[in-house]
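Note that the coordinates shown come from a computational prediction; the quantities given were computed from them, not determined experimentally. Residues take their numbers from the sequence shown, with the count starting at 1.
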Amino acid sequence: MAGGPQLPEQYMVPQLARFFHSLPHLNVSLHSVNNTFNPHSEIYLESLGILGSIPAAWLILTLLVLLVYLVTRCCDRKPRPRRSITLLKCSLAILALLCSGAVAVGLYGNDDVHNGLVQLVAAAKSVDGILMGVRNQTDTIEYTLRKKILDQLIDLRDKFDDPASNKTILEVLLAALESMKQNTSNALNRSSEIKKPLTGINLAGAIGIAEKIEQLRWPITMAVLSALLVLCVVLVVGVARHSRCVLITFSVFGLFAVIVSWLMASLYLATSVALGDLCVSPDGYLTRAVPSTLASEVLSYYTHCENTRNNPFTQRLRDGQAAITDASKNLNTVTKLALELFPDLQLQPKLNSLAYDVNTVNKLLSGLATFLDCKPLYKQYVHAAKSLCQLGLYGLTFMLLASLAAGLFFTVLVWVDSHTWIYIRKRQRTTLDPKRGLVHRYPVSQFSWACSLGHVSRFPQDADSGP
């Protein structure tokens, strides 16, 4: 990237996140509160609840208006003149298609949210794998230094208590052995200092919870939106067949659709605002959320990964490598003098084992430098942030808009539908009973049944000439 020391790939705050972050955060007394993402703050959660209650309040008002309207219709007993309801039926069909489109947008947004969360979990697993690699590497180094090298040095020191032919060489040998023990302890301390900031960071639990939630959220949301889509299709079929029964059924289930749509809008609005607050400063939230053992300079290094920043572990790693290099030199001195002073103790296998362990630790420390570099972890951090704050937030916004639109469309549909089926009457057929001289009127659904019983002697057009 020309003119800058930063890496080419950087996290940029989406404009949509800034928009949701700028929405007013109010408490119950309607005073502004801090809009910094903090799920552990009751005041912050209260402000999200107030924002989410806006669609819920609109739902209550909508249900009251629909209830008053339906009550007036149920109590209206005046006979209705025959009239054309073609305009109402066309309006229902058009609104049902628009509502289906809104629900389809919700399905599209739900798929985006799912993909964003899947990518977020994958990136989190990669980060956890990198951190686990560092912990495993340092654990192996510490085990080798403590349980293998130091224990063998103590055993060697006991063997060197045997009488020696040259006291001067023995003193040099013991000094080299002590220096090796000190260098080994220094390397052990440096490894512990590298491991300590990462102690307590375990993403496996959070990853498992996120996966379980998404395994439930995605299919349930798909099922609910699909049910709303089917309800719109049922309405279109009812309009096409001029079915009073289907239209009445839609009036009932349409109320449930109104409730579900506005409740989903309430949930999505609160979640979108919270996600916008998080995406404005994800590194700031991590600074507050990580364990206190992780120094701020370490977190800042991995969440920014600028070329101008030095790796906070570099000096400790260099000190550890220098200590193990000095220990290797001490071991060479110990090996040379011990074989000269104590040729009968069969020290060669033990000294070879020490040399192998020292060489192993040196290789592990060199490989640890790769794990501690910021680029692999920062790449996963940026990928996780983009998955959540771009793909996930945009999908959630689609779901929010779709729920708002579906809530409005279903409200109007229930209203118009309830006004339509009132004017749909069961058609009747007039028949003449020649034995009794009576005219019987049968609904269309009962006409064939009446014919089978022999109650019908002539059709309506013949009844006009009867007595």
Side-chain angles (χ1 to χ4, degrees), residues 52-76 80 85-111 216-269 398-427 443-445:
S53 65
I54 296 176
W58 181 262
L59 168 63
I60 295 174
L61 179 62
T62 300
L63 292 178
L64 287 176
V65 173
L66 287 176
L67 178 62
V68 172
Y69 173 78
L70 293 176
V71 168
T72 58
R73 286 300 178 183
C74 292
C75 298
D76 189 0
R80 297 287 171 184
I85 58 172
T86 303
L87 180 61
L88 292 176
K89 293 171 63 178
C90 291
S91 300
L92 281 176
I94 294 173
L95 290 173
L97 293 177
L98 293 176
C99 188
S100 300
V103 175
V105 171
L107 290 170
Y108 174 80
N110 185 53
D111 190 60
L216 295 175
R217 187 208 65 82
W218 184 70
I220 290 176
T221 305
M222 290 289 291
V224 171
L225 294 179
S226 299
L228 296 181
L229 196 61
V230 169
L231 191 60
C232 294
V233 174
V234 168
L235 177 60
V236 173
V237 172
V239 170
R241 295 179 59 86
H242 197 75
S243 174
R244 189 172 188 264
C245 180
V246 173
L247 295 182
I248 293 176
T249 302
F250 178 84
S251 294
V252 177
F253 287 97
L255 292 176
F256 290 103
V258 171
I259 295 172
V260 170
S261 298
W262 286 111
L263 289 181
M264 288 194 302
S266 180
L267 176 62
Y268 296 152
L269 177 59
F398 280 129
M399 295 177 71
L400 171 61
L401 296 177
S403 298
L404 293 173
L408 291 174
F409 281 129
F410 274 115
T411 301
V412 177
L413 281 172
V414 171
W415 205 327
V416 177
D417 177 72
S418 301
H419 191 73
T420 302
W421 63 258
I422 292 175
Y423 291 98
I424 298 179
R425 302 297 183 188
K426 292 183 179 180
R427 291 173 297 175
V444 171
S445 59

Notebook entry, point to check: Does a side-chain heavy-atom distance below 4.5 Å link Leu413 with Phe250?
Noted result: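 Yes, close enough: below the 4.5 Å cut-off.
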Next item on the list: Keeping the roles fixed (side chain from Ser100, backbone from Ala96), state whether a donor-acceptor pair exists under 3.5 Å.
Entry: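 Judged by distance alone, yes, a pair lies under 3.5 Å.
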Next item on the list: Over all heavy atoms of both residues, which pair between Ala402 and Gly106 is shortest? Give the atoms and the distance, please.
Entry: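 It is CB-N, 3.4 Å.
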Note to self: How close do Ser266 and Ser53 get, counting heavy atoms only, and between which atoms?
What the structure shows: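 The pair with the smallest heavy-atom distance is OG-N, 4.1 Å.
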By side chain to side chain contact (heavy atoms under 4.5 Å, CB included) - contacts of [X] (at least two apart):
X: Leu263; answer: Leu59, Ile259
X: Ile248; answer: Arg244, Trp421
X: Ala102; answer: Ala405, Phe409
X: Cys90; answer: Thr86

Note to self: Test of understanding: with side-chain hydrogen bond (donor to acceptor under 3.5 Å, both in side chains), list the residues that count as partners of Trp58, not counting sequence neighbours.
What the structure shows: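 With neighbours one apart ignored, the set is Thr62.
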Note to self: Under the rule for side-chain hydrogen bond (donor to acceptor under 3.5 Å, both in side chains), what residues qualify as partners of Arg241, not counting sequence neighbours?
What the structure shows: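 side-chain hydrogen bond (donor to acceptor under 3.5 Å, both in side chains) check on Arg241 returns nothing, list empty.
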Next item on the list: For side chain to side chain contact (heavy atoms under 4.5 Å, CB included), just list the numbers for Ile54 and Trp262, CA-CA rounded to whole Å, side-chain angles, deciding distance to a tenth of an Å, and then say yes or no.
Entry: CA-CA 10 Å; Ile54 296 176; Trp262 286 111; over 6 Å; no
Note to self: Set out, in order, the CA-CA distance, both residues' side-chain angles and the distance that settles side chain to side chain contact (heavy atoms under 4.5 Å, CB included) for Val65 and Trp415, then state yes or no.
What the structure shows: CA-CA 10 Å; Val65 173; Trp415 205 327; 3.7 Å; yes
Sequence neighbours excluded and cut-off under 3.5 Å, please list the side-chain donor-acceptor pairs for residues 221-239, or say none.
| unit_1 | atom_1 | unit_2 | atom_2 | d |
| --- | --- | --- | --- | --- |
| Thr221 | OG1 | Arg217 | O | 2.8 |
| Ser226 | OG | Met222 | O | 2.6 |

Check: Can you list the residues that meet the ring pair (Phe, Tyr, Trp, His ring centres under 6.0 Å) rule with Tyr108, with sequence neighbours excluded?
Finding: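 Expected list: Phe398.
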